[in-house]
Amino acid sequence: MSLESAESVGAPIALKMGASRTETRAKAARHRRLLVLGARALLLVVLLGAWEVLARTKVIDPFNFSMPSKVWDQIVQWTLHGTAQGSLGEQIWYTLYEALLGWVTGVAGGVVLGIALGRVRFLADVLGPYIKVLNALPRIVLAPIFLIWFGLGPASKVASAVVLVFFPVFFNAFQGVREVDRHLVANARILGASNRRVTLQVVIPSATSWIFTSLHVSFGFALIGAIVGEYIGADKGIGLLVANAQNTFNSAGVYAAMAILAVVALLAEGLLTFAEKRLFRWKTGSPGGER
């Protein structure tokens with residue numbers, strides 16, 4: 001058999017083997033995802049079942065710890081009959097609105113200032129000590145001050161969310177800018193790129209993965225800021241549901257509100273992860289690639 005004939009026969013075989021390996025890897029990945037989801041569901045069932053059994057057998061105090069069945073009944077009651085402040089959907093949207101507005105504002109401020117200080121050494125030297133001092137403050141305790149300044153409306157909750165979101169985003173953006181490959185920057189300058197073009201076309205794209213990493217954590221902080229503000233003083237929101245349930249010794253109501261918050265946070269995390277994977281499809285081992 002000639003060399004050309006051998007190559008013509010071997011090429012389809014190699015293609016088939018490559019396709020078979022790709023299909024095998026895809027099946028293994030699907031199997032692993034199903035296994036992980038099954039393990040997660042099983043763990044949740046075991047924990048809730050243990051909680052229910054321990055509460056019903058009085059091993060733990062059902063008045064203080066409640067039980068999953070009562071928590072579910074509370075969620076159903078709020079869903080069907082509403083809360084003292086209005087419908088459950090309205091409370092969820094009110095808290096989500098405050099958290100989203102605070103998150104967007106904090107992210108925008110953190111990204112802009114982080115990139116600015118990362119690119120301009122003079123600004124970093126001047127503002128750096130002040131930012132470190134502000135970061136060292138226990139920011140949750142600012143919520144009562146914001147309540148005095150802005151009242152019971154959403155502004156005070158948005159402000160609480162902003163101060164919690166800003167710093168993790170700022171430090172990630174700042175570090176992302178500082179970690180940009182200097183050879184890329186030097187090559188761009190050699191090709192005649194201005195400082196503005198270097199920032200927009202080299203620095204910001206390189207720092208995007210750092211910034212996206214902070215977004216996952218920062219949205220949880222935004223929810224915390226909104227909830228704490230509502231807990232201290234508000235006329236609507238999930239935080240107010242928690243406060244009212246606590247004041248009436250309704251432990252099931254407290255856990256129900258926490259469960260609703262957990263679902264909201266998980267949905268937001270899922271959306272962020274989806275957006276990150278779409279954005280970094282080209283980048284192997286991206287931050288959103290394995291979770």
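Atom set for the values below is all heavy atoms of this structure, side chains included, hydrogens, waters and symmetry mates excluded. We number each residue from 1, following the sequence as shown.
- The list of side-chain hydrogen bond (donor to acceptor under 3.5 Å, both in side chains) pairs with a residue in residues 157-177, not counting sequence neighbours, reads Gln175-Glu179.
- Residues Phe170 and Asn135 have side chains not in contact (no heavy-atom distance under 4.5 Å, counting atoms from C-beta outward).
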Inset, instruction - Just do the side-chain contact (heavy atoms from CB on, under 4.5 Å) check on Asn64 and Ser251 with the steps written out, would you? - result: CA-CA 6 Å; Asn64 292 325; Ser251 58; 5.9 Å; no

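- Nearest heavy-atom pair across Ala55 and Ser66 is CB-O, 3.4 Å.
- No single ILVMFWY cluster, assembled from side-chain heavy atoms under 4.5 Å apart, contains both Met258 and Ile92.
- The heavy-atom pair separating Glu230 from Leu240 by the smallest distance is CB-N, 3.8 Å.
- Atom CG in Leu137 sits 15.0 Å away from atom NZ in Lys132 (nearest 0.5 Å).
- Linking Ile, Leu, Val, Met, Phe, Trp and Tyr residues whenever their side-chain heavy atoms come within less than 4.5 Å places Leu48 and Phe65 in a single cluster.
- No more than 12 heavy atoms of other residues, nucleotides or ligands lie within 6.0 Å of CH2 in Trp72, so this atom counts as exposed by the packing criterion.
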Inset, instruction - Please step through side-chain contact (heavy atoms from CB on, under 4.5 Å) for the pair Ile131 and Leu117, ending with a clear verdict. - result: CA-CA 11 Å; Ile131 291 176; Leu117 268 64; 3.6 Å; yes

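- At a threshold of 4.5 Å between non-hydrogen side-chain atoms, the residues Gln74 and Asn250 count as touching.
- Considering OH of Tyr231 and CG of Leu241, their distance stands at 13.0 Å, rounded to 0.5 Å.
- Residues Ser218 and Val107 meet the side-chain proximity criterion, which asks for heavy atoms closer than 4.5 Å.
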Inset, instruction - Start with the C-alpha gap between Ile260 and Leu88, add the side-chain angles, then the distance that decides, and say whether side-chain contact (heavy atoms from CB on, under 4.5 Å) holds. - result: CA-CA 10 Å; Ile260 293 169; Leu88 179 60; 3.8 Å; yes

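- Using a 4.5 Å heavy-atom threshold, the side chains of Pro168 and Phe221 count as touching.
- One N or O on the side chain of Thr248 and one on the backbone of Ala245 form a donor-acceptor pair closer than 3.5 Å.
- The two residues Ser156 and Phe150 come nearest to each other via the heavy atoms N-CB, 3.7 Å.
- A 4.5 Å side-chain heavy-atom check between Ile224 and Ile140 finds at least one atom pair inside the cut-off.
- Here the side chains of Arg139 and Phe167 are in contact, with some heavy-atom distance below 4.5 Å.
- Pro68 has its side chain out of reach of Val71: every pair of non-hydrogen atoms, C-beta onward, lies at least 4.5 Å apart.
- Side-chain contact between Val165 and Phe219 is absent, with no heavy atoms from C-beta onward closer than 4.5 Å.
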Legend entry - Intermediate values then yes/no, side-chain contact (heavy atoms from CB on, under 4.5 Å), Thr79 and Ile75: CA-CA 6 Å; Thr79 303; Ile75 294 175; 4.0 Å; yes

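- Between Trp103 and Phe166, the ring centre distance reaches or exceeds 6.0 Å.
- Residue Tyr97 qualifies as open at atom OH: its count of foreign heavy atoms under 6.0 Å is 12 or below.
- For the ring-ring contact (aromatic ring centres under 6.0 Å, His included) condition, the pairs that include at least one residue of residues 104-149, sequence neighbours left out, are Phe146-Trp149.
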